[in-house]
Amino acid sequence: MEEKYRDITLDELTDLCIRRGIVFPSGRIYGGLAGFYDYGPVGVELERNILNDWWKWFVETRDDIYGIDGAIITHPRTWEASGHVESFIDYIVTCTSCGAEYRADHLLEEVGVKIPEYSLETIKSLIENNNVRCPACGGKLSEPRKFNLMFDTQVGPRKSMTAYLRPETAQLIFTNFKNVVFTMGATLPFGIAQIGKAFRNEISPRNFLFRLREFTQMEIEYFVNPEKLNECPYFKEVEELRVNFLSAEEQERGVSEAKSIKLGEAVETGVIKNAWHAYWIGESLRWLWSLGLRPERLRVREHVKTELAHYAVQTFDIEYFFPYMGWKEIEGIANRSDYDLKRHQEYSGEALHIVDNGKTVIPYVIEPSFGLERILLAVLTDSYVREERRTYLRLKPRIAPFKCAVFPLVKRDGLDVKAREIYNQLKKHFRCYYDEDGSIGRRYAKADEIGVPFSITIDGQTLRDDTVTIRFRDTKEQIRERVENLKARLSELIATL
RNA sequence: GCGGCCGUAGUCUAGCCUGGUAGGAUGGCGGCCUCCCAAGCCGCAGAACCCGGGUUCAAAUCCCGGCGGCCGCACCA
């Protein structure tokens with residue numbers, strides 16, 4: 001493979017992020033804290049551009065989606081109702097002779113023992129009473145110990161209440177369902193969107209931004225009358241879209257390559273169970289494509305039965321092909337049925353239904369859930385280009401951390417003064433920076449490396465005719481533009497490229 | 001979480017085996033030069049060698065523990 005087209009490795013990407021102020025390992029001066037990262041001055045711009053673009057696409061330009069921003073520390077009952085207390089707290093046992101570790105519920109399940117209640121005492125007595133031994137060596141098992149994937153904390157001065165840092169943002173949408181319906185007069189079908197942090201105490205965080213203990217979710221819970229799951233007015237916008245698709249049935253037959261099909265076909269043949277679910281798959285892909293991610297590196301993979309979450313009827317992951325990790329989930333689109341609203345209704349005693357066509361219904365939920373850091377990682381990976389003498393990020397100008405950089409060709413003859421003047425005008429309209437250090441080539445190279453799409457250079461001719469050059473990152477070509485037209489020209493370029 | 005390998009300025013790296021208070025490159029800052037793609041020159045600053053403990057007259061160098069990274073396994077509703 002030619003050097004020019006070699007894909008970036010995760011090591012190189014990590015190095016680039018640290019060297020150029022995109023992302024830093026958190027708590028670095030103290031040796032680092034696994035699973036936590038901080039955005040630097042360049043990364044924060046990219047992060048915000050992506051999440052603002054998402055919000056604009058899925059909330060601002062639609063009439064059927066409301067936004068919220070929920071609390072991170074959540075009422076503990078939320079997680080009892082949602083099923084997370086049951087499914088996120090594992091009981092671990094260790095073999096006292098060979099040292100192997102197992103999930104106690106898995107071992108009990110294997111010997112056909114039902115677990116009536118998830119508590120340390122119950123699990124302990126079940127293991128003992130059924131004489132469960134190590135499946136590897138037959139050795140005696142230790143007492144179970146609790147491992148909670150949810151971070152907990154104490155609320156109040158007397159620390160009497162244990163609360164959890166939300167392990168997913170979705171529940172805040174469900175617990176606010178009634179608030180949104182009543183304050184906004186929402187009628188079916190409609191969605192509630194949220195961007196926010198979620199926390200999971202992962203056993204071993206890995207792969208840089210891919211598996212984190214603190215991460216950002218961008219989610220929509222879209223509510224539909226369960227009798228109208230195929231009545232999606234937007235379906236025609238996506239039914240002709242061709243997507244790389246891998247169904248659960250195919251995977252069970254041993255197929256591992258996705259094939260290209262139209263979303264319309266997938267619904268017709270019943271592979272995707274309803275039109276609304278298909279619509280959200282298509283609409284998600286359209287946004288991911290708009291970020292510049294290569295379509296051939298995106299596919300839709302259905303969850304096989306064993307990987308379905310406790311709340312899900314059917315789930316499709318949007319996976320991106322990371323050259324250094326293979327196909328990995330960057331978004332999950334789940335059909336959560338009426339599971340969550342029903343459970344919250346049951347646990348809270350509050351009615352969580354809505355009136356549709358004169359009848360009360362508990363809506364079904366289709367949930368597109370995007371991992372911001374994973375998408376950022378995919379965008380960086382996908383946009384990285386290495387040429388013989390430089391590397392650059394071919395980011396869409398819309399999401400690039402800096403839209404332009406302003407350079408005097410040399411630092412004399414008043415070029416620097418003129419350049420600053422132009423910069424001071426431009427910075428009112430675009431995120432940009434000024435640089436006069438070192439040779440012009442060096443400044444171009446440094447701008448390319450962080451994906452600045454346009455470099456504005458002030459040269460001798462500028463002083464004579466008030467024109468500057470605009471250099472394009474990907475081609476290194478330059479055009480001349482009058483200073484008075486610069487703002488309009490850049491706006492146009494950012495919007496269209 | 002388990003096992004293997006690893007941890008020296010912002011980054012890469014020499015030194016570690018054969019203990020005697022760290023050298024280079026690049027980057028950073030200031031200046032000179034430079035009219036187009038990481039050129040050159042001068043000057044300055046920057047690590048007590050991941051953290052803690054031990055052995056020793058003496059430790060970046062040897063030993064132990066912790067933290068962090070990479071790889072494999074497990075985990076990832």
Side-chain angles (χ1 to χ4, degrees), chain A residues 9-12 14-21 24-36 40 79 82-90 92-95 98-103 105-106 136 145 147 149-150 167-168 170 200-208 210-213 215 303 305-312 315 317 324-325 328-329 332 334 336 339 371 387-392 407-416 435-449 455-464 468-469 471-473 475-478:
Chain A
T9 65
L10 189 54
D11 277 349
E12 285 169 330
T14 308
D15 179 61
L16 173 69
C17 285
I18 293 172
R19 215 160 24 79
R20 296 308 311 274
F24 306 118
S26 197
R28 227 170 154 222
I29 61 170
Y30 294 111
L33 192 56
F36 300 92
W79 308 104
S82 71
H84 285 78
V85 167
E86 191 171 304
S87 67
F88 260 45
I89 300 178
D90 292 333
I92 310 282
V93 289
T94 311
C95 171
C98 74
E101 295 199 322
Y102 303 96
R103 277 180 53 173
D105 56 327
H106 286 179
R145 60 177 195 284
F147 177 71
L149 210 53
M150 291 190 284
E168 65 169 15
R200 293 180 194 184
N201 196 6
E202 296 283 357
I203 297 170
S204 54
R206 238 178 245 194
N207 293 330
F208 191 40
F210 194 77
R211 197 140 156 224
L212 299 171
R213 288 184 165 134
F215 56 98
H303 278 200
K305 278 199 191 69
T306 49
E307 56 182 330
L308 279 176
H310 62 274
Y311 50 71
T315 298
D317 281 347
Y324 43 83
M325 297 193 292
K328 293 281 182 185
E329 177 197 353
R336 294 180 79 127
Y339 175 86
E387 290 183 347
E388 304 88 285
R389 303 287 316 278
R390 64 165 186 158
T391 67
Y392 64 97
F407 306 138
L409 186 59
V410 293
K411 207 173 10 175
R412 60 174 165 78
D413 304 334
L415 293 184
D416 48 341
D435 189 3
E436 59 176 28
D437 290 328
S439 70
I440 189 69
R442 205 173 112 78
R443 283 174 271 157
Y444 288 147
K446 290 189 67 176
D448 290 342
E449 198 178 30
S455 294
I456 312 302
T457 306
I458 285 70
D459 58 13
Q461 193 180 330
T462 309
L463 301 182
R464 295 194 294 276
V468 297
T469 61
R471 171 187 178 271
F472 294 83
R473 174 195 63 208
T475 60
K476 307 201 293 199
E477 280 164 8
Q478 290 176 303

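Throughout, protein chains are lettered first and strands after them, A, B, ... in sequence-line order, and every chain is numbered starting at 1.
In this structure, the nucleotide among G28(B), U11(B), C76(B) sitting nearest to the side chain of K446(A) is G28(B). Of the candidates C35(B), C37(B), A39(B), the closest approach to any side-chain atom of Y444(A) belongs to C37(B). Side-chain atoms of Q478(A) lie closest to C37(B) of the nucleotides A38(B), U34(B), C37(B). Taking every side-chain heavy atom of V410(A) into account, U34(B) is the closest of G68(B), U34(B), C75(B). For R442(A), the listed nucleotide lying nearest its side chain is G27(B); candidates were C35(B), G27(B), C36(B). Nearest nucleotide to the R206(A) side chain, out of C36(B), G1(B), G68(B): G1(B). Nearest to the side chain of T469(A), among C36(B), C35(B), C75(B), sits C36(B). Comparing A38(B), C35(B), C75(B) against the side chain of E449(A) picks out A38(B) as the nearest. When each of A74(B), C33(B), C36(B) is scored by its nearest atom to the side-chain atoms of K411(A), the top-ranked nucleotide is C33(B). If you check G68(B), G1(B), G30(B) against the side chain of S204(A), the one that comes closest is G1(B).
Base-pair partner of G65(B): C51(B) (Watson-Crick or G-U wobble, both distances under 3.5 Å). Of all nucleotides present, only C29(B) satisfies the Watson-Crick or G-U wobble test against G43(B), with each distance under 3.5 Å. Using Watson-Crick or G-U wobble geometry with both donor-acceptor distances under 3.5 Å, G3(B) finds its partner in C71(B). Pairing for A22(B) is absent, judged as Watson-Crick or G-U wobble with the two contacts each under 3.5 Å.
Within the 4.0 angstrom heavy-atom criterion, only backbone atoms of the sugar-phosphate kind lie near D15(A); the bases stay farther away. Residue Y311(A) is in base contact, counting any heavy-atom pair closer than 4.0 Å across all strands shown. At the heavy-atom level, L308(A) lies under 4.0 Å from the strands shown only through sugar-phosphate atoms.
To the nearest whole angstrom, the two C1' atoms, one in C16(B) and one in A22(B), are 12 Å apart. Only the P atoms considered, G69(B) is 15 Å distant from U11(B), to the nearest whole Å. Taking atom C1' in both A60(B) and G1(B), the straight-line distance is 31 Å, to the nearest Å. The separation of U56(B) from C64(B), taken at their C1' atoms, amounts to 16 Å, rounded to a whole angstrom. The P atoms of G53(B) and C12(B) are separated by 27 Å, rounded to the nearest whole Å. One C1' atom belongs to C63(B), the other to C17(B), and the distance between them is 15 Å to the nearest Å. Comparing the P positions of A9(B) and A14(B) gives a spacing of 13 Å, expressed to the nearest Å. Taking the P atoms as reference points, G65(B) lies 33 Å from G23(B), given to the whole Å.
Annotation: of the two residues near RNA chain B, D437(A) and T457(A), the 5′-most nearest-nucleotide partner is D437(A). Nearest-nucleotide positions on RNA chain B place G35(A) closer to the 5' end than the other of G35(A) and E307(A).
Side-chain contact, T14(A) with D11(A): no donor N or O sits under 3.5 Å from an acceptor N or O.
Ring-plane geometry between Y339(A) and Y311(A) is classed as tilted, the angle between the planes lying from 30 to 60 degrees on a 0 to 90 degree scale.
The shortest side-chain heavy-atom distance between R213(A) and L33(A) does not fall under the 4.5 Å cut-off. At a threshold of 4.5 Å between non-hydrogen side-chain atoms, the residues Y392(A) and E387(A) count as touching. In this structure, the side chains of K328(A) and F210(A) come closer than 4.5 Å at one or more pairs of heavy atoms. The side-chain heavy atoms of F407(A) and E436(A), taken from C-beta on, include no pair separated by under 4.5 Å.
In this structure, R28(A) reaches the U11(B) phosphate: one of its side-chain N or O atoms is under 4.0 Å from OP1 or OP2. Here K476(A) does not reach the OP1 or OP2 of A38(B): none of its side-chain N or O atoms lies under 4.0 Å away. Between R471(A) and C36(B) there is no side-chain N or O to OP1 or OP2 distance below 4.0 Å. Phosphate contact (OP1/OP2 of A38(B), side-chain N/O of S439(A), threshold under 4.0 Å): absent.
As a whole-Å value, the separation of D416(A) CG from C35(B) C1' is 13 Å. If you take CG of L409(A) and P of A38(B), they are 13 Å apart, rounded to a whole angstrom. Atom-to-atom, NZ of K328(A) to C1' of C75(B) comes out at 12 Å; the value is rounded to the nearest Å. The distance between atom CD1 of I440(A) and atom P of G40(B), rounded to the nearest whole Å, is 17 Å. Following rounding to the nearest Å, D11(A) (CG) and G7(B) (P) show an atom-to-atom distance of 15 Å. For the pair Y30(A) OH and G52(B) P, the interatomic distance rounds to 12 Å; values are reported in whole Å. The distance between atom CD of E436(A) and atom P of U34(B), rounded to the nearest whole Å, is 15 Å. Taking atom CZ on R19(A) and atom C1' on A38(B), their separation rounds to 12 Å, with Å as the unit.
Stacking of R471(A) on the aromatic ring of Y444(A) is recorded, both the 6.0 Å distance cut-off and the 45° axial limit being met.
Salt-bridge annotation for K411(A) and D416(A): absent, with no side-chain N of the basic residue lying under 4.0 Å from a carboxylate O of the acidic one.
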